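Below is one structure, written out as structure tokens; comments come after it.
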Amino acid sequence: NFILTQPHSVSESPGKTVTISCTRSSGSIAGNYVQWYQQRPGSVPTTVIYEDTRRPSGIPDRFSGSIDSSSNSASLTISGLKTEDEADYYCQSYDFSNHVVFGGGTKLTVL
Amino acid sequence: EAQLLESGGDLVQPGKSLRLSCAASGFTFSTFAMSWVRQAPGKGLEWVSTISGNAGRTYYADSVKGRFTISRDNSKNTLFLQMNSLRAEDTAVYYCAKDRTPYSSGWYSGDYWGQGTLVTISS
């Protein structure tokens with residue numbers, strides 16, 4: 001199995017751009033799709049990116065996902081930050097035994 | 001639109017058992033893999049277990065293997081999690097979540113989540 005490592009927290013000002021990384025410990029990041037979930041305080045997780053780069057309907061194009069094989073990591077980029085983006089963000093993938101793996105989560109503060 | 005509603009959470013003593021349910025509606029339940037994901041107080045998301053749409057395949061996190069059993073009743077559009085030999089570290093909100101893609105053997109990407117049910121293990 002593998003581990004997905006995320007920074008514990010990031011902060012940025014409204015209107016700016018922030019990138020949250022998710023590094024896979026073993027195996028290729030490109031080998032299995034990565035999803036990103038947003039969880040606001042007291043709320044249920046919602047998908048902001050799935051299959052590495054795809055946005056569900058209703059998610060603004062300020063949210064984008066990418067993968068980088070050289071660093072074996074996935075990234076979630078949020079541009080034009082709004083205070084409503086303040087939340088915990090989790091990356092998620094799975095292994096070839098269909099075991100699901102979540103990253104530890106990143107707390108985004110928009111200040 | 002898909003809806004998921006968990007129930008069955010409670011305060012129970014260590015070593016006891018509990019059964020969680022998740023009632024599904026708004027989609028063809030039998031064609032989607034389902035998972036249980038938990039979140040301990042103030043902690044991150046932790047995958048617990050997955051079951052394929054036809055219940056032919058089940059998968060478990062090492063932390064619950066041998067103690068928890070996932071099942072489903074497709075005739076009643078309901079997902080279950082039987083939890084035995086409960087420990088303090090099982091204390092969490094338990095979410096059921098639907099996979100995005102029909103006929104997948106595993107749960108690869110969640111698109112709908114329930115509101116969660118709280119399980120507290122304490123003497």
Side-chain angles (χ1 to χ4, degrees), chain A residues 1-9 20 22 24 27 29-59 65 67 74 76 87-108, chain B residues 1-6 22 32-65 68 70 81 92-101 103-118:
Chain A
N1 217 335
F2 59 87
I3 295 170
L4 296 174
T5 300
Q6 301 180 232
H8 181 70
S9 64
I20 299 171
C22 171
R24 179 167 168 161
I29 191 71
N32 308 90
Y33 285 129
V34 174
Q35 282 60 236
W36 289 92
Y37 302 96
Q38 176 194 68
Q39 186 179 33
R40 295 189 175 107
S43 296
V44 175
T46 60
T47 309
V48 292
I49 295 291
Y50 68 100
E51 293 180 0
D52 297 341
T53 61
R54 303 181 69 176
R55 274 180 293 108
S57 60
I59 300 300
I67 60 168
L76 171 68
D88 294 327
Y89 291 85
Y90 296 91
C91 60
Q92 173 259 311
S93 189
Y94 48 91
D95 64 20
F96 291 104
S97 299
N98 286 339
H99 285 210
V100 178
V101 180
F102 284 95
T106 298
K107 180 178 180 61
L108 170 62
Chain B
E1 180 173 299
Q3 292 191 6
L4 301 169
L5 182 62
E6 303 93 338
C22 170
F32 290 89
M34 299 290 295
S35 280
W36 289 98
V37 177
R38 68 185 180 184
Q39 187 168 36
K43 302 296 184 181
L45 301 174
E46 180 189 12
W47 171 71
V48 173
S49 183
T50 293
I51 187 168
S52 61
N54 64 3
R57 301 188 181 192
T58 58
Y59 310 94
Y60 297 93
D62 289 345
S63 58
V64 306
K65 195 168 186 178
F68 290 11
I70 192 171
L81 185 68
V93 172
Y94 284 72
Y95 298 102
C96 65
K98 168 189 167 291
D99 188 60
R100 180 175 303 277
T101 304
Y103 304 110
S104 294
S105 59
W107 188 94
Y108 305 123
S109 173
D111 60 352
Y112 287 93
W113 298 60
Q115 290 299 310
T117 187
L118 177 62

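Chain letters run A, B, ... following the sequence lines, proteins first, then strands; residues in each count from 1. Small disclaimer: the values here were computed from a predicted structure and weren't measured.
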### Region of A:Ser93 in contact with chain B, defined by heavy-atom distances below 4.5 Å
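Neither; nothing under 4.5 Å.
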### Query
Side chain, backbone, both or neither: which part of A:Thr46 has an atom under 4.5 Å from a heavy atom of chain B?
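Neither the backbone nor the side chain of A:Thr46 comes within 4.5 Å of chain B.
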### Message
Looking at every non-hydrogen atom in both residues, tell me the closest pair between A:Tyr90 and B:Gly44 and how far apart they are.
### Response
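Result for this residue pair: OH-CA, 3.4 Å.
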### Message
To check you understand the geometry: which heavy-atom pair defines the closest contact between B:Ser109 and A:Tyr50, and what is its length?
### Response
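Residues B:Ser109 and A:Tyr50, closest heavy atoms: OG-CB, 3.6 Å.
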### Message
Heavy atom to heavy atom, less than 4.5 Å: which residues from residues 94-101 of chain B reach chain A?
### Response
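Residues of residues 94-101 of chain B touching chain A at under 4.5 Å: B:Tyr95, B:Arg100.
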Should the heavy atoms of other residues, nucleotides or ligands under 6.0 Å from [atom1] of [X] be counted, would the total exceed 12?
X        : atom1 : result
B:Gln3   : CD    : no
A:Tyr94  : OH    : yes
B:Leu118 : CG    : yes

### Task
Apply the side-chain contact (heavy atoms from CB on, under 4.5 Å) test between B:Tyr108 and each candidate in A:Asn98, A:Val100, A:Asn32; give the one that qualifies.
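Considering A:Asn98, A:Val100, A:Asn32, a side-chain contact (heavy atoms from CB on, under 4.5 Å) with B:Tyr108 is found only for A:Asn98.
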### Task
State, yes or no, whether a side-chain contact exists between A:Gln92 and B:Leu45 at a heavy-atom distance under 4.5 Å.
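When only atoms from C-beta onward are counted, B:Leu45 and A:Gln92 do not touch, as no gap falls below 4.5 Å.
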Check whether [X] gets within reach of chain A through its side chain, its backbone, both or neither, counting any heavy atom under 4.5 Å.
X       : value
B:Val37 : side chain
B:Tyr60 : backbone
B:Ser49 : neither

### Query
Once the angle between the rings of B:Trp113 and A:Tyr37 is folded into 0 to 90°, is it parallel (under 30°), tilted (30 to 60°) or perpendicular (over 60°)?
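Ring orientation, 0 to 90° scale: perpendicular.
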